[in-house]
Each structure stands twice: as structure tokens, then as C-alpha cells.
Amino acid sequence: MKRFAALFHTLDGSTRSSHKRAALVAYFASAPARDAAHAVATLCGQRPRRAVNATRLRQAAAQRTGLPLWLIEETYHHVGDLAETIALLLPEPDHPQSIPLHELLERRLPALARADEAGQIDQLCRLWSHLPADERLVFNKLLTGGFRVGVARQSVIHALAAHLQVDAERIAARLMGRIEPDPGLMDRLGADERPADSLAPYPFLLAHPAPESIQDLGDATDYLAEWKWDGMRAQLVVRNGAVAIWSRGEDDVTPLFPELRDAAATLADGTVLDGEILAWDARGVRPFGDLQRRLNRKRVSTKLMADVPVRMLVYDLLEDAGIDLRDQPLAMRRQRLQRRAVHLGEALRPSPLVEGRDWATLQSAFRQARERGVEGLMLKHKTSRYSSGRPRGYWWKWKVEPYTVDCVLLYAQAGHGRRSNLYTDYTLGVWSGDALVPVAKAYSGLTDEELSEMDRWIRRHTTDRFGPVRAVEAGQVFEIAFEGLRPSSRHKSGIALRFPRIQRWRQDKSPEQADHLRALQDLLQGAGSQTP
DNA sequence: ATATCAGCTTC
DNA sequence: CTCGGAA
DNA sequence: TTCCGAGGAAGCTGATAT
């Protein structure tokens, strides 16, 4: 783990991506394949399951350092990261001895996870007393599962490409789906062919926000238009008689959607579909919240499947009869998808095209978006290839105008990480009678300069403190933009905003001019009565 | 047994 | 998902 | 231009608190 710890510190300490890449290349050139495989998986965000919970970790740290728990707690509040706090507090190791990365991840951490309470504390103290000081931080990060390091996935890909002397595109493709950190990983990454049994998805093509005036996109006939569905992006892969469904975060979500898996079982091998999974019942498409009940589940009961039926609206055909179609223009892929549509069935159907040869026609369709329960329109250039990432000019998302509300700043809290010195986290409220009630939290939307100006104001106008939270005078008004609203039991106001962000700092307005809860409740009534 | 919270995912 | 900032 | 890290709301899981 010596090399890996050194790599971590380089990545963590530098912001130059060229520097990071060089460190990665050097690491891959020198690390044993078994360790390198784990490094790749870890750096790509595939973290080991959390081995020890935070409470136990604190207890073990208290025992090893001899410090009282409250002091560790206090230190943690200042540092903001438990793994780092403990790494800083631990005494020097007795007889420093490094542990290979693969040994740590394959043996030590699983053993730790299996142990009982006393066993965990005992093992932790023993490990800490042997680990060289510069490896403790990395160890603790792996331990808490909170391993997040400032490397772009792209940097890892390019470093691997340079090290293995192959195309970066290929590496990116090989790293899709689950990464198996076995000794053969590096060989597979460099291989010409994708492994025969692979059910891995392709890198997702993402969309950009459309320009303010839609005409700037050029000729409307150059685009295919579809509704922008409010569901979950997914790729469905059929190969070797098996079906896999992948989320955008590259999670295998197949077990969550048995009806989609079954519907896809009739498809020919070598089929890859891209589309949106939606909650959809007899009434039509349902809000995203309904779909959420099907997500992140351990088990999907038949009752739940009946309560929240799903379907996948397919908008792209990426592989057909085993042939990769991603370099073909969208219009061709779409045509081919339509031809295949007869085989898709009820749960799996093509996303309908929205007809319109000019912007005026599309504009009038766009205006129906809210009442249809969709977020707007997607505009996809007919000649576009399905390349990875977010290339400009290919796919545009044309979202309905957000709602806005003028809110008063009620509470502020310090941010995390680099923003931990500033009060950047705002709770905002509206009037309910002559009292202000919180409706949302937001900070995004202010520039760094505005944030520090607000920070100064907050410090000078604090009226009360609750732990890390400061209550402030009602003196600042912000215009908050949001995409929609739902009833919520978590907020005193009974309302939760979706994607709240600060649109404008209304220094021209006094708190009395802020909006009233009544207005949001009316909006909720209006939005709630819609049936898609 | 039930409530709450942190940590994960989706958007 | 949103946004601002950095490379 | 593209990527990243900062942030929000929701629901589910698993652990702890009552």
C-alpha cells in the first residue's frame, strides 16, 4: 500500500491534472497487477463496503490514542472528516510494516467487517499500531467507505491508456459496469475484444441545456424531438441469453425491474437499448416519487410491482444483432429501433417522437409539457453519433421554465470541505401569517464573491445559535428557482421544493416583500390536480 | 417493537 | 438534478 | 468546452436510540 498511499497524497495535494496523470502512469507502471486492479476500481469510485461503523471507529480511536471520546468528537467537528481526524490523532506506529493493497481489501477489511464489536476494536488498534504513518489516512478512508479522491475518472482512463498503450475510448468502455479487481483486470483493459460474457453497458450520452432562444439551435428539421420524461435513465443489455439493466451511475439494477427483464428476454442476443424507466400505470406516467419506491430496494415484492408498475420508454438502439451502432447517425438508429418496435411489447416500447417541422409547432407542444407530466422536450440532432459524455450540439434538454419564489434568509450553516470556513448553507423561508416558515435550503447560484459577502453579513447579524447553525435577522431576500413542489412531512411548511437554487439576490427587496406560503400552497393545488 | 438518523442511490 | 469555477 | 465538486429533495437500508 506504500505506492498507493503515495499516489493518494499526490492526487490529493495537486490540482494540476497533468501532474495527477503523470503520478497515475508512474503508479500503474510500478504497482503489482493485483494491487493496480484494486487501485483502478477504487479510483473509479467503486468503494469497498463500509467495514466498521463510525461509532466503533471512534471507540477504537479513543482506545488507541488514549483520548476521551468527547475530544475526538470535538476534533472531528473542526476537521470535518472522521478518517482524517483519526489519522491525525494516532500515535506513531510501534513497528511500521506496510500491508499490500490487495491483501488489505481482499482479507483484512472483510475480516474486520465480520468481527464482533470487541474484535473490531482490537483488530483496528493492532492495524493502526503497525501501519506506517503516511498510510493511515488512506487506510482510514478505505475503512469508512468514504474514499473520495480528487481524480477525474478521465485522468484514470488516460493514464491507463498511456500505460497500456491503447485507445482511451477502449479503456472507458472496459471500465463500464462493475469492475472486477482481480489480477486479470489490467490484461482485460488492454484486450482488443470485450470479454465474451460481458453484459456491460456503453458510456452514456448526456444532454446539454438548450439555449434560451430555441431558434439558436438552427433548423428544427435537423432534430428529432421527444418528451423529456421524469424517470430514470437506463441501458438494457441483452447478450449471451442474459439481460442486464444499468443505471446512469453504472449500477446493475436488473433485480429492481423483473417485468422489464422478462420483457427483454424475448429480444435477440446482441441488443442494447437506451431509454427511460418510468412509473406507469393505467393513468399513464406517474411522478418521479412513485418510481422512487422501486429504487434502491433489496427485494421487490409482487405487491410493490402491482402498486408501482414500470415501463421503459426506449429512445435509442445502440447495438443490434451484436453490431455496435453508436457511430451511425441517430436518424438511422431511430429507424432501426422503430422496425424492432414490434418485438418490444407492453413494458418496453419506443419513446414516441413529437412531431413538428418548425419551432412554432414544437413550441406549442412544449407548452403542454407540465400537463403531460413531463419536464419538457429533448432535441436530438439527427446526424449525431452516440459518443460518450456530454458533447455539445448532439442532445439538448429543453426544460420548462422553473417556478420562482422570493424567500427570506432564516438560518445559515458552514459548508463542508473547502467551504468549511464560510456560512454558505442557507435555510430560506416565506411568510405564514406574520411568521416566517422554512421552505427550502439552497446555496448554489451565488458566486464565491457573493458567498463571502453573505458570510460577513451573517456573522454581523446573528441572533441565535443552535450548535453549528446560526439564526439571522430577517434582512436578506433571495429569489429561489425550483422545478416543482410536493407535500412534505419533513418541513414545517408542509412543502418541499425540487431542485431549489438561488436565482437572484434581491438586495432591492425588503423581507416584508417576500412571498407568502399561501402562494406556494396554491401552486401545489394547481400542480397536484394535474393528471398526466 | 418503533422511531430516528446517517449513508447510499436517483433526480 | 442545479450551479459556479477551474483546467 | 468539459469536467468536477459543492449543494438540494426523496426513498430505502441498516444501525442505533428509545
Side-chain angles (χ1 to χ4, degrees), chain A residues 11 14-21 45 47 49-50 52-56 80 82 113 117 144-146 148-158 206-209 228-234 246-253 256 276-279 287-301 304 308 375-376 387-394 397 399 402 413-420 422 424-428 438-451 480-491 495-504:
Chain A
L11 296 175
S14 169
T15 57
R16 305 194 75 86
S17 53
S18 54
H19 194 185
K20 290 184 180 190
R21 196 168 301 172
R47 291 163 296 158
R49 214 182 97 249
R50 190 182 185 109
V52 182
N53 70 37
T55 315
R56 207 96 80 223
L82 189 56
E117 181 170 344
T144 55
R148 215 166 275 141
V149 60
V151 233
R153 197 191 166 92
Q154 219 62 17
S155 294
V156 178
I157 289 170
H158 280 111
L206 306 172
H208 278 281
K228 186 181 187 305
W229 302 101
D230 188 11
M232 177 186 153
R233 181 80 180 273
W246 297 92
S247 71
R248 191 150 91 73
E250 292 169 49
D251 261 6
D252 181 354
V253 293
L256 295 177
E276 194 87 1
I277 296 175
L278 298 158
F288 179 75
D290 288 15
L291 176 67
Q292 222 166 0
R293 295 181 52 208
R294 293 281 302 258
L295 271 33
N296 306 316
R297 283 206 167 246
K298 209 145 186 210
R299 239 177 51 82
V300 176
S301 64
L304 183 64
V308 188
E375 297 182 310
S387 63
S388 70
R390 192 170 268 148
R392 235 181 149 68
Y394 285 23
K397 48 180 165 185
K399 296 187 71 165
Q413 202 174 346
H416 280 93
R418 266 182 274 116
R419 294 177 204 280
S420 55
L422 292 176
T424 56
D425 198 355
Y426 308 147
T427 302
L428 301 139
V439 286
K441 292 172 71 168
Y443 105 81
S444 140
L446 291 183
T447 61
D448 281 0
E449 200 177 318
E450 289 171 322
L451 283 176
I480 303 301
F482 59 101
E483 301 299 319
L485 67 181
R486 303 206 76 185
S488 165
S489 53
R490 290 192 193 180
H491 299 78
I495 281 178
L497 309 186
R498 193 178 192 198
F499 305 142
R501 68 270 188 186
I502 298 170
Q503 190 146 71
R504 274 194 296 172

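So that the names make sense, note that chain A is the first sequence line, chain B the second, and so on, each numbered from 1. As the structure is a computational prediction, the values presented were derived from the model and not from experiment.
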Legend entry - Contact check, side chains of L304(A) and R299(A), non-hydrogen atoms, under 4.5 Å: no

Inset, instruction - Begin from the C-alpha positions of D230(A) and R498(A) and carry the test side-chain contact (heavy atoms from CB on, under 4.5 Å) through to its verdict. - result: CA-CA 12 Å; D230(A) 188 11; R498(A) 193 178 192 198; 2.8 Å; yes

Legend entry - Nearest-nucleotide 5' precedence on DNA chain D, R392(A) against A496(A): R392(A)

Inset, instruction - Rounded off to whole Å, could you give me the CD1-to-P distance for the I480(A) and dC3(C) pair? - result: 12 Å

Legend entry - Length of the line joining F499(A):CZ and dT10(B):P, which is rounded to integer Å: 13 Å

Legend entry - Closest to the D230(A) side chain, choosing from dG11(D), dG7(D), dC11(B): dC11(B)

Inset, instruction - Could you tell me whether I502(A) contacts a base, only the sugar-phosphate backbone, or nothing, with contacts defined as non-hydrogen atoms closer than 4.0 Å? - result: nothing

Legend entry - Side chain of D425(A) (C-beta onward), nearest among dC1(C), dG8(D), dC12(D): dG8(D)

Legend entry - H208(A) side chain to R390(A) backbone, donor-acceptor under 3.5 Å: yes

Legend entry - D425(A) to A414(A) - nearest heavy-atom pair and separation: CB-O, 4.4 Å

Inset, instruction - Let me know, please, whether E483(A) or T447(A) comes out on the 5' side of the other along DNA chain C by nearest nucleotide. - result: E483(A)

Inset, instruction - Looking at every strand, decide which applies to L446(A) at a 4.0 Å heavy-atom threshold: base, sugar-phosphate, or nothing. - result: sugar-phosphate

Inset, instruction - Using only side-chain N and O atoms of S488(A), determine if any of them is under 4.0 Å from OP1 or OP2 of dA10(D). - result: yes

Inset, instruction - Compare side-chain N and O positions of S247(A) against OP1 and OP2 of dT10(B) and report whether any pair is under 4.0 Å apart. - result: yes

Inset, instruction - Please determine if a side-chain N or O atom of H208(A) lies less than 4.0 Å away from the OP1 or OP2 oxygen of dT1(D). - result: no

Legend entry - Member of V300(A), V253(A), I277(A) meeting the side-chain contact (heavy atoms from CB on, under 4.5 Å) criterion with R294(A): V300(A)

Inset, instruction - Please check the phosphate of dT2(D) (OP1 and OP2 only) for any side-chain N or O of R390(A) closer than 4.0 Å. - result: no

Legend entry - Heavy-atom donor-acceptor pair, R297(A) side chain to R293(A) backbone, under 3.5 Å: yes

Legend entry - Value in whole Å for how far the P atom of dT10(B) lies from CD of E375(A): 16 Å

Inset, instruction - Would you kindly compare R294(A) and P500(A) by the position of their nearest DNA chain D nucleotide and give the one closer to the 5′ end? - result: P500(A)

Would you tabulate the pairs of protein nitrogen or oxygen atoms and nucleotide nitrogen or oxygen atoms of nucleotides 16-18 of chain D closer than 3.5 angstrom?
from	atom 1	to	atom 2	distance (Å)
dT16(D)	OP1	N53(A)	ND2	2.8

Legend entry - From dT13(D), dG7(D), dC12(D), nucleotide with atom closest to K298(A) side chain: dT13(D)

Legend entry - Test item: E483(A) and E375(A) side chains (from C-beta on) under 4.5 Å apart, heavy atoms: no

Legend entry - Salt-bridge criterion met for R248(A) and E276(A) (N-O under 4.0 Å): no

Inset, instruction - Could you tell me whether R486(A) contacts a base, only the sugar-phosphate backbone, or nothing, with contacts defined as non-hydrogen atoms closer than 4.0 Å? - result: nothing

Legend entry - Short side-chain N/O contact from K399(A) to OP1 or OP2 of dC1(C), under 4.0 Å: no

Legend entry - Interatomic distance, L497(A) CG vs dG7(D) C1' [rounded to whole Å]: 15 Å

Inset, instruction - Can you tell me the distance, in whole Å, between the OH atom of Y394(A) and the P atom of dT2(D)? - result: 10 Å

Inset, instruction - Please report, rounded to the nearest Å, how far the C1' atom of dG8(D) is from the NE2 atom of H491(A). - result: 9 Å

Legend entry - Nucleotide dC3(D), atom C1' - distance to CD1 of I157(A) in whole Å: 12 Å

Inset, instruction - Taking all heavy atoms of F482(A) and all of P500(A), pick out the closest pair and write down the distance. - result: CB-CA, 4.3 Å

Legend entry - Shortest side-chain distance from Q292(A), nucleotide among dT13(D), dA10(D), dT2(C): dA10(D)

Legend entry - N or O in side chain of R293(A) less than 4.0 angstrom from dG11(D) OP1/OP2: no

Legend entry - side-chain N/O K397(A) vs dT2(C) OP1/OP2, d < 4.0 Å: yes

Legend entry - Closest nucleotide among dC12(D), dC11(B), dG8(D) to the F288(A) side chain: dC11(B)

Inset, instruction - May I have the distance from Y426(A) (atom OH) to dA6(D) (atom C1'), rounded to whole angstrom? - result: 13 Å

